[in-house]
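A quick write-up on the structure given underneath.
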Amino acid sequence: NCVNALKMSPERRIDVEWSLETQESYPVKIRISSLDRVGLLADMAATISKNDANILSLNTETKDDQSVVSILTLGIESTAHLEKVLSDLKKIKYVQSVRRLG
């Protein structure tokens, strides 16, 4: 029994701190429509990272008309967190629309 072992050997006890900041995230799929330009994907990734979200998957395709459709799955902590990420993604140069899928 661990409790009895600790009572008999208190020097074996260690102090442990649990982080209250750790939050679980859940996957959210989004679609970003934009015009193509150099650095677009880098700006999207930087915006997502700045908002403490994680990119779980990414698929992007440039069409013949130089439009880009990107489907991303992000690790999001809450509805408010998602709204902030989507809002900031909409501010990126040449991004035309950002919406949640599903």
Residues 54-66 vs salt bridge (Lys or Arg N to Asp or Glu O under 4.0 Å), sequence neighbours excluded, gives Glu61-Lys63
Residues which pass side chain to side chain contact (heavy atoms under 4.5 Å, CB included) with Ser49, listed by chain and number, not counting sequence neighbours
none
For residues 95-102, which side-chain N or O atoms pair as donor and acceptor with protein atoms under 3.5 Å away, sequence neighbours left out?
none

Examine distances only and state if a side-chain atom of His81 and a backbone atom of Asn51 form a donor-acceptor pair shorter than 3.5 Å.
yes
Value for OG1 (Thr79) from OH (Tyr26), rounded to nearest 0.5 Å, stands at 4.0 Å
How many angstroms lie between CG in Leu86 and CD1 in Ile76, if you round to the nearest 0.5 Å?
7.0 Å
Please say yes or no: joined through hydrophobic side-chain contacts below 4.5 Å, possibly via intermediate residues, are Ile92 and Leu58 part of one cluster?
yes
Can you run down the salt bridge (Lys or Arg N to Asp or Glu O under 4.0 Å) pairs that involve residues 26-41, sequence neighbours left out, and say none if there aren't any?
Arg37-Asp43
Are Leu40 and Ser34 close enough that some pair of their side-chain heavy atoms sits under 4.5 Å apart?
yes
Contacts of Asp88 meeting salt bridge (charged side-chain N to carboxylate O under 4.0 Å, His left out) (sequence neighbours excluded), chain-then-number -> Lys50, Lys84, Lys91
Any side-chain heavy atom of Val28 sitting closer than 4.5 Å to one from Val85?
no
Rounded distance [0.5 Å steps], OG1 in Thr60 versus CD1 in Ile32
8.5 Å
CG (Leu72) and CD1 (Ile30) are apart, to the nearest 0.5 Å, by 5.0 Å
Given side chains that start at C-beta, do those of Leu74 and Ile55 come closer than 4.5 Å, heavy atoms only?
yes
By the rule that ILVMFWY residues connect when side-chain heavy atoms come within less than 4.5 angstrom, directly or transitively, which residues belong alongside Tyr94?
Leu35
Measure across Ser25 and Gly75 and return the closest heavy-atom pair with its distance rounded to 0.1 Å.
CB-C, 3.8 Å
Apply side-chain contact (heavy atoms from CB on, under 4.5 Å) to residues Ser70 and Val68 and explain how you reach the verdict.
CA-CA 6 Å; Ser70 301; Val68 179; 3.7 Å; yes
